[in-house]
Trainee: 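First the structure, which I've put down as structure tokens, then a few questions once you've had a look.
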Amino acid sequence: MRYTLLAVFAGAAATLAACSGGSPQAPSTPYVPTPDQTTLLPQTGPAPLKPGASAQAGCPVDNATLEKALAADPAIAAAVQLGKGLTDISCAADFATAHTEGDRATVLFRFDGAQKMWVAVSGAAKNSCESVPTDVRKQLKNCA
């Protein structure tokens, strides 16, 4: 198998050299792929999810994703001072909370499974988790 691959790569190198106008030259050291390079297939389909994430839920989630969701809701974005961004992110089930660096307000987010995106639900200096189910609220560190 290695000899077959070596022959294919040597032939390809000679063809490329001939196509570029130069004379075919054998490489000084033949390229021999490692087992990992010969068994990996190119990725097709959607990009892989973050570790721990699934196609049905949004956790884990990062700052950039939540900041984009906050910016998409002008009313909630105007009610809190984002400052330098979101910190102290907590995520459970289809809900996430984060603090704003500006006024330390808590912003509540919900993952919309139909649209596969996070949306801002509420933002306030005090608890904004009233709409979160009790069992999930206990898992979110920013909910009182």
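Given the structure is predicted, the values throughout are model-derived calculations rather than measurements.
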Trainee: If you compare all heavy atoms of S90 against all heavy atoms of N142, which two are closest, and at what distance to 0.1 Å?
Mentor: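 It is CB-ND2, 4.0 Å.
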Trainee: What side-chain hydrogen bond (donor to acceptor under 3.5 Å, both in side chains) pairs are there with at least one residue in residues 78-87, not counting sequence neighbours?
Mentor: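 As it turns out, the side-chain hydrogen bond (donor to acceptor under 3.5 Å, both in side chains) pairs with a partner in residues 78-87, which skip direct neighbours, are T87-R104.
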Trainee: Short question: side chain of K138, backbone of D135 - any donor-acceptor pair under 3.5 Å?
Mentor: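 Checked: no pair found.
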Trainee: Any chance you could measure K68, atom NZ, to T65, atom OG1, to the nearest 0.5 Å?
Mentor: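 Answer rounded to 0.5 Å: 8.0 Å.
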Trainee: So, using salt bridge (Lys or Arg N to Asp or Glu O under 4.0 Å) as the criterion, who are the partners of D88 when residues are at least two apart?
Mentor: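 D88 satisfies salt bridge (Lys or Arg N to Asp or Glu O under 4.0 Å) with K141 once adjacent residues are dropped.
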Trainee: Write down the atom of V121, the atom of S131, and the distance for their closest heavy-atom approach.
Mentor: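 So the minimum-distance heavy-atom pair works out to CG1-OG, 4.1 Å.
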Trainee: Which heavy-atom pair separates C129 from T97 by the least distance, and what is that distance?
Mentor: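 Distance-wise, the nearest heavy atoms are SG-CG2, 3.9 Å.
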Trainee: Quick one: CG on L82 to CD on E67, what's the gap to the nearest 0.5 Å?
Mentor: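 Rounded to the nearest 0.5 Å, the CG-CD separation comes out at 5.5 Å.
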Trainee: Considering all heavy atoms of both residues, which atom of F95 and which atom of R110 are nearest to each other, and what is their separation?
Mentor: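 The answer is CE2-CG, 4.0 Å.
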Trainee: Can you check whether L86's main-chain N or O pairs, donor with acceptor, with N63's side chain at less than 3.5 Å?
Mentor: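 Yes.
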Trainee: So which heavy atom on A79 is nearest to which on G123, and how close?
Mentor: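 Residues A79 and G123, closest heavy atoms: CB-O, 4.4 Å.
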Trainee: For S122, what residues pass the side-chain contact (heavy atoms from CB on, under 4.5 Å) criterion, not counting sequence neighbours?
Mentor: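 S122: side-chain contact (heavy atoms from CB on, under 4.5 Å) contacts with L108, S128.
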Trainee: Shortest non-hydrogen contact from C59 to A93?
Mentor: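 Heavy-atom minimum between the residues: SG-O, 3.3 Å.
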Trainee: Which residues satisfy the side-chain contact (heavy atoms from CB on, under 4.5 Å) test with A96, sequence neighbours excluded?
Mentor: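 Partners of A96 under the side-chain contact (heavy atoms from CB on, under 4.5 Å) test: V61, L66, C91, F109, W118.
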Trainee: Sequence neighbours left out, what passes side-chain contact (heavy atoms from CB on, under 4.5 Å) with A92? Give chain and number order.
Mentor: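 side-chain contact (heavy atoms from CB on, under 4.5 Å) check on A92 returns V136, Q139, L140.
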Trainee: Identify, with sequence neighbours excluded, every residue that meets side-chain contact (heavy atoms from CB on, under 4.5 Å) alongside A105.
Mentor: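 If we apply the side-chain contact (heavy atoms from CB on, under 4.5 Å) test to A105, skipping adjacent residues, the hits are V80, T100, D103.
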